[in-house]
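Indexing begins at 1, ligand by ligand and atom by atom, following the structure's order.
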Amino acid sequence: MVRITHTSFANLLRWCVLLRCPVCGNASIFKVPFKVNDQCPSCKAVFQREQGFFVGAILINVVTTELVILLAYMASLPVINAHYQFVLAMLFVIAVSFPVAFYHHSWSIWLTFDNLVEGLPKS
Ligand SMILES: [Zn+2]
């Protein structure tokens, strides 16, 4: 069941895109690049809930990467016969670089989703 909060969906979406805390929107969810804060410095919402909590962010990252590769493959279908090696190289580059580039937003999407579903606990 999705929790109803006082925060508008537009705010949640904006905070998600800007990598802000999904509870208050006042602070970044990242301490430094590729390092998630343990909790929000502003409202104390816990971002690192338990062992294995990160699996949801990984799942979002993997599924999104596969969708992007699939879309790139389908977009390259008209030229794949003439440029087969180039298309393979392009798909490989996407498969390696996209998950790294999308890492922060996969965490942001996961924390926003978890906050909507059951709410992030406060420390
Ligand atoms: Zn917060």
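Sequence neighbours left out, the pairs with a member in residues 49-58 that pass side-chain hydrogen bond (donor to acceptor under 3.5 Å, both in side chains) are Arg49-Asp114, Arg49-Glu118. Residue pairs meeting the side-chain hydrogen bond (donor to acceptor under 3.5 Å, both in side chains) criterion with at least one member in residues 96-111, sequence neighbours excluded: Tyr103-Trp107. The list of side-chain hydrogen bond (donor to acceptor under 3.5 Å, both in side chains) pairs with a residue in residues 68-95, not counting sequence neighbours, is empty.
The closest side-chain heavy-atom distance from Cys43 to Leu120 is not below 4.5 Å.
Here the closest heavy-atom approach between residue Phe47 and residue Leu111 is recorded as O-CD2, 3.7 Å.
By the neighbour-count criterion of 12 heavy atoms within 6.0 Å, atom CZ of Phe102 is densely surrounded, having more than that number from other residues, nucleotides or ligands.
Around the Zn ion (ligand 1), the protein contributes the following N, O or S atoms at distances under 2.8 Å: Cys21 SG, Cys24 SG, Cys40 SG, Cys43 SG.
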